[in-house]
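Values reported hereafter were calculated over all heavy atoms of this structure, with side chains retained and with hydrogens, waters and symmetry mates removed.
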Amino acid sequence: MIEQLSVRDYILFDSANINFKNGMSVITGETGAGKSLLIDAIGYLSGERLQGDVVRSGSEKAVLSMVLSDPSKEVISLLEENGFEVDDEIIITRIITPNKKSRMQINLQPATNALVKKVTSMMIDVHSQMDTITLMNPEVQMGLLDQYAKTGTQKEKVEQAYKAYSSVSAELKKLQTETFSDEELDFITEQLNEITNMNIRDGELEELQEKIEDASGASKAREDFSSALYLIRKDNGISDQLYTAARTLKRSSRPEFGEKLSDLYYAIQDVSEEISDAQDSLAAMEEDLDAMQEREYQIKKLYRKYGGDYEGVMAAAEKLNEKVDRILHRQDLFDKLEKEKKESLKTYQKEAKILSKMRQDQFSSLKKRIEEHAHDLMLENCVFEINRKEKAPAKDGIDEIEFLVSMNPGQPLTPLRQSASGGELARLMLALKVVFQADNGIGTLVFDEIDTGVSGKVALAMGSKMHTLAENYQVLCITHLASVAVWADEHYRVAKSANQQSTKTEVEVLDDETHFEELAIMSNGAASPSAIDSMKELAREVRVNG
């Protein structure tokens, strides 16, 4: 429920802080005082698009805030999944600047409009005259019927089956419209051969680039090896001098030194052979460099042409293979898709028929309940029916649904938009709201002047119906009729005052005395003692009879 609504520097409001309670709360006030601005604020705090400039003249920003209590497990799970900490209350804030830019918060953490919309749609339902118009839309009516029939899981099955059916249908249609010439087949084959003949491996380019880098440094390494070999092997070089020294010492009184130098001589010979082998290897690497660089160039060229990397080239090859296969085995593929289409259509029709039956099984129950509530609202002759026609496969099934109604004896059943006057339509929509609101988890119902066009006993009946709703929901109602406001458990009055400098609106909670004074003014234009007494008597009557 909405525990509290606060606004600051909002259009006509300096500030207002309203603490709502359970039961039925009515908001009244003269035309233009700003009653509907409060409902608009609830809408803005529910993520609705801003309409016009809502920042009070001369202010830097408007701050709207709403405290919601008793969130359901589903709401808590949704918020926790999105990183929000939730206790028993949810505080939604919207800060708006004069350029219509705004930011949303949930429990003081930044939040997206989409998340706020999703959260509030699970807790609050706002019904206005515009929603009455929306309810005339057959697509909206279908949604309400599905909500009532609890078809959610089955609708998902139908939608998945339709996706499968429409996908294979589109593939078949594409195949039927495709035409390929011999030249096109040759071109596709040439592209495929270009990829296939390269025979590239995953990671080959990276390996090549490492080898190229090594080979590019081989020239300098060969020079170093050549210089070292020269010093070792040249005439009278390291090797010759070491050999001569070894022979000399072997003839001396200490021949063991000659043996050691002889060992060094043979070790140097071994090292020089290893250096020579390495030099030959580097020479071969240098010879391969051109070939490796050419291979690198060709692979990069292929990547640029077919997808940017190895995976892209492989995907391109797969597509080209499919194209060749489609051309060479066109009839086989056609037969395969025809079979898949029939099977997917069969699956779709099975699931769609289950969904249709779930809907149709509720027609009788809906008719009975809506007519009962309509009769309570003094639409004694109201007859309600649901018209169903079968339509071509669609993601929402095979049903085309429209609500039909007749308001007077002998009057044919016609769509809602053609069947009722303004006052009749308001009552019928309230009856629909009562029926379709049941068991959807929402705790707060907001009615914004839906009693327009009614009066007298009819208004009393509408007030009674909203008061009955308030036994299970928090009901907020903006009204200009005393016959509706008399049912209030809590009464709020919106009043506007003006001077030469500014205009402002304030909200006050009425006690019993001011409640009846306001009712008297609404009913008779003045709070005379007789008018007040009349309202008190009316309140006693509706409470006893209600």
Side-chain angles (χ1 to χ4, degrees), residues 24-28 35-36 39 125-138 140-141 144-145 147-148 365-387 402-438 440 442 445-473 475-488 522-523 538 541-542 545-546:
M24 178 176 173
S25 297
V26 299
I27 302 172
T28 64
K35 302 184 297 295
S36 289
I39 304 304
D125 180 78
V126 179
H127 187 81
S128 64
Q129 295 177 58
M130 184 57 66
D131 293 299
T132 297
I133 296 171
T134 303
L135 282 171
M136 296 180 188
N137 184 335
V140 175
Q141 294 168 8
L144 290 171
L145 173 60
Q147 175 185 310
Y148 185 82
S365 168
L366 267 175
K367 172 181 170 63
K368 181 180 178 183
R369 292 189 64 190
I370 289 172
E371 287 181 353
E372 284 176 351
H373 288 292
H375 297 164
D376 290 344
L377 291 164
M378 303 185 72
L379 295 172
E380 295 88 351
N381 299 308
C382 175
V383 177
F384 178 85
E385 298 284 355
I386 299 176
N387 182 46
E402 186 160 27
F403 294 170
L404 304 179
V405 69
S406 169
M407 291 298 186
N408 300 298
Q411 181 185 42
L413 287 160
T414 54
L416 293 186
R417 60 183 177 276
Q418 303 171 12
S419 301
S421 65
E424 289 173 332
L425 194 57
R427 284 177 279 165
L428 179 61
M429 291 305 143
L430 180 55
L432 292 171
K433 181 67 68 172
V434 172
V435 173
F436 288 118
Q437 193 62 47
N440 69 356
I442 286 174
L445 306 180
V446 181
F447 296 101
D448 185 9
E449 293 190 353
I450 67 162
D451 50 17
T452 300
V454 302
S455 59
K457 292 182 179 180
V458 172
L460 282 172
M462 292 187 75
S464 174
K465 186 61 65 178
M466 284 187 271
H467 193 262
T468 300
L469 272 174
E471 294 174 5
N472 298 304
Y473 305 94
V475 174
L476 308 182
C477 170
I478 286 186
T479 182
H480 61 283
L481 299 177
S483 303
V484 172
V486 71
W487 291 94
M522 293 170 69
S523 177
L538 177 62
E541 288 178 9
V542 298
N545 298 326

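- The salt bridge (Lys or Arg N to Asp or Glu O under 4.0 Å) analysis of residues 479-488, with sequence neighbours excluded, yields no pairs.
- Counting only residues at least two apart or on different chains, the salt bridge (Lys or Arg N to Asp or Glu O under 4.0 Å) pairs with a member in residues 372-383 are Asp376-Lys465.
- In this structure Glu385 satisfies the salt bridge (charged side-chain N to carboxylate O under 4.0 Å, His left out) test together with Lys367, sequence neighbours excluded.
- Asn387 meets the side chain to side chain contact (heavy atoms under 4.5 Å, CB included) test with Lys389, Leu404; sequence neighbours excluded.
- Contact check for His375 versus Glu371: side-chain heavy atoms found under the 4.5 Å cut-off.
- Of all non-hydrogen atoms in His373 and Val434, the two that sit nearest each other are CE1-CG1, 3.5 Å.
- Between Val26 and Met466, every side-chain heavy-atom pair lies at or beyond the 4.5 Å cut-off.
- Between Val383 and Leu413, the shortest heavy-atom distance links the atoms O-CD2, 3.6 Å.
- Remark: Asn381 engages Pro409 in a side chain to side chain contact (heavy atoms under 4.5 Å, CB included) (not counting sequence neighbours).
- Contact of the Phe447 side chain with the Met462 side chain is not registered, since no non-hydrogen atoms from C-beta on lie closer than 4.5 Å.
- When the salt bridge (charged side-chain N to carboxylate O under 4.0 Å, His left out) test is applied to Lys368, no partner is found at least two apart in sequence or on another chain.
- Annotation: salt bridge (Lys or Arg N to Asp or Glu O under 4.0 Å) contacts involving residues 476-488, sequence neighbours excluded, are absent.
- Partners of Phe384 under the ring pair (Phe, Tyr, Trp, His ring centres under 6.0 Å) rule, at least two apart in sequence or in another chain, are Phe403.
- Taking 4.5 Å as the limit, some side-chain heavy atom of Val484 sits within range of a side-chain heavy atom of Met24.
- The side-chain heavy atoms of Leu416 and Leu432, taken from C-beta on, include a pair separated by under 4.5 Å.
- In terms of the side chain to side chain donor-acceptor pair (under 3.5 Å) criterion, residue partners of Ser36 (sequence neighbours excluded) are, by chain and number, Asp448.
- Not counting sequence neighbours, the partners of Val458 by the side chain to side chain contact (heavy atoms under 4.5 Å, CB included) test are Met378, Arg427, Val454.
- When every heavy atom of Ser523 is checked against every heavy atom of Ala482, the shortest pair comes out as CB-CB, 3.9 Å.
- Looking at residues two or more places apart in sequence or on another chain, you find a side chain to side chain donor-acceptor pair (under 3.5 Å) between Thr479 and Asp451.
- Residues passing the ring pair (Phe, Tyr, Trp, His ring centres under 6.0 Å) test with His467 are Trp487, sequence neighbours excluded.
- Between Leu135 and Gln141, the closest heavy-atom pair is O-NE2, 3.0 Å.
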